[in-house]
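Worksheet: the structure to be examined is printed underneath.
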Amino acid sequence: MYYEKAADEKSYYLFRYGLYDESTETYVTPPHCHDGYELLIVTKGSAETVVNGERKKLFAGEIFFADSYDIHSFIFDKCERYSLVFSKDYCKMFADGENTFPNYPSCDKESFDAIRARLEEYRSKYGENIPNGLLVESIISYVLGIMELSCKKVSRSEKSNELMISVLDYINKNFESDITLSALASKFGYST
């Protein structure tokens, strides 16, 4: 498991399209987490997801949502997908603290088709390099807005990896100071 710190940067986003078929190798994203959010939108075939230790196959027409610090990984084999990873700064209206999307939000077909059409439009115009922050915020807000209309949010639950999240958050906020193993152990009440 690795901590993808880059996804926590204020203006970080990743907009990626992938097509995996008989001519491509299986692509594996190793287990990772970040403070930002991640969406996987499967448009054809299926992808395997693991989030916080639970494995599930995601089929065409389905969406995966990784909340802040969810440990997640993917296996892409014979599928078409879009991935969006973005810092919280791009979706301040969404980040209300108490509620979030479930990891597998259930969108109706019309909503999913609208999301797919917008993603295809952006890909055809800009490729994977959206030219400015307003357009990045626009696509993220659109996708989250459609998801919010189509599926219910859930209460944010306590994570089983709360200690790791607290330690990573502390390191992220204090990385410029001299952080030692013994200082971390003392701060969180553990032995080195």
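These figures come from a predicted structure and were not determined experimentally.
Cluster annotation: L19 and I41 are assigned to the same hydrophobic cluster (Ile/Leu/Val/Met/Phe/Trp/Tyr, side-chain heavy-atom contacts under 4.5 Å, transitive). Y17 and I75 fall into different hydrophobic clusters, where Ile, Leu, Val, Met, Phe, Trp and Tyr side chains are chained together by heavy-atom contacts under 4.5 Å. Y13 and V85 fall into different hydrophobic clusters, where Ile, Leu, Val, Met, Phe, Trp and Tyr are joined by side-chain heavy atoms under 4.5 Å apart, directly or via other members.
Rounded to the nearest 0.5 angstrom, E80 CD and Y20 OH are separated by 10.5 Å. The line from CG of L119 to OG of S83 is 10.0 Å long, rounded to the nearest 0.5 Å. Distance check, rounded to the nearest 0.5 Å: CG of L14 to OG of S87 gives 12.0 Å. Once rounded to the nearest 0.5 Å, the distance linking OG of S138 with CD1 of I130 reads 8.5 Å. The line from CG of L135 to CD1 of I140 is 11.0 Å long, rounded to the nearest 0.5 Å.
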Check your understanding: What's the verdict on side chain to side chain contact (heavy atoms under 4.5 Å, CB included) for E9 and H34, showing C-alpha distance, side-chain angles and the deciding distance?
Key -> CA-CA 10 Å; E9 298 299 321; H34 36 72; over 6 Å; no
Review point. Would L39 and M147 satisfy side chain to side chain contact (heavy atoms under 4.5 Å, CB included), going step by step from the backbone distance to the final call?
Key: CA-CA 11 Å; L39 286 165; M147 285 172 57; 3.8 Å; yes
Exercise for review: Could you check R118 against I139 for side chain to side chain contact (heavy atoms under 4.5 Å, CB included), going step by step and ending with a plain yes or no?
Suggested key: CA-CA 8 Å; R118 184 60 60 96; I139 187 69; 3.2 Å; yes
Point to revise | Worked check of salt bridge (charged side-chain N to carboxylate O under 4.0 Å, His left out) between K5 and D8 | key: CA-CA 5 Å; K5 183 172 175 15; D8 299 344; 5.7 Å; no
Point to revise | Trace of the side chain to side chain contact (heavy atoms under 4.5 Å, CB included) decision for Y37 with L84 | key: CA-CA 8 Å; Y37 304 117; L84 285 166; over 6 Å; no
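Between the side chain of T26 and the backbone N or O of D77, no donor-acceptor pair lies under 3.5 Å. Looking at S124, its side chain does come within 3.5 Å of a backbone N or O of E121 through a donor-acceptor pair. Side-chain atoms of D21 never come within 3.5 Å of backbone atoms of K78 as a donor-acceptor pair (strictly under, hydrogens ignored). Using modelled atom types, no side-chain atom of S46 and backbone atom of F59 make a donor-acceptor pair closer than 3.5 Å.
Residue pairs meeting the ring-ring contact (aromatic ring centres under 6.0 Å, His included) criterion with at least one member in residues 126-155, sequence neighbours excluded: Y122-Y126.
Residues S155 and N99 meet the side-chain proximity criterion, which asks for heavy atoms closer than 4.5 Å. Two residues are said to be in side-chain contact when any heavy atoms from C-beta on lie closer than 4.5 Å; Y82 and E120 meet this criterion. Residues Y90 and Y12 have side chains not in contact (no heavy-atom distance under 4.5 Å, counting atoms from C-beta outward). The closest side-chain heavy-atom distance from E137 to F86 is not below 4.5 Å. Contact check for E62 versus K57: no side-chain heavy atoms found under the 4.5 Å cut-off.
Nearest heavy-atom pair across C107 and S111 is CB-CB, 4.3 Å. When all heavy atoms of V42 and F112 are compared, the closest pair comes out as O-CZ, 3.1 Å. For P102 against K152, the heavy-atom pair with the smallest separation is CD-O, 3.5 Å. Across all their heavy atoms, A47 and C79 have their closest contact at CB-SG, 4.3 Å. When all heavy atoms of N103 and D70 are compared, the pair lying nearest together is ND2-OD2, 2.9 Å. Contact between Y104 and E54 at its shortest, heavy atoms only, is OH-O, 4.4 Å.
Of the listed residues (I63, L144, V154, T100), just one forms a side-chain contact (heavy atoms from CB on, under 4.5 Å) with P105, and that residue is I63.
The aromatic rings of F76 and Y27 sit parallel, their planes meeting at an angle under 30°, below the 60° perpendicular limit. Below 30°, between 30° and 60°, or above 60°: for Y3 and Y69 the angle between ring planes is below 30°, a parallel geometry.
For F74 and F64, the ring centers sit closer than 6.0 Å to each other.
Within a 6.0 Å sphere centred on NZ of K44, other residues, nucleotides and ligands contribute 12 heavy atoms or fewer.
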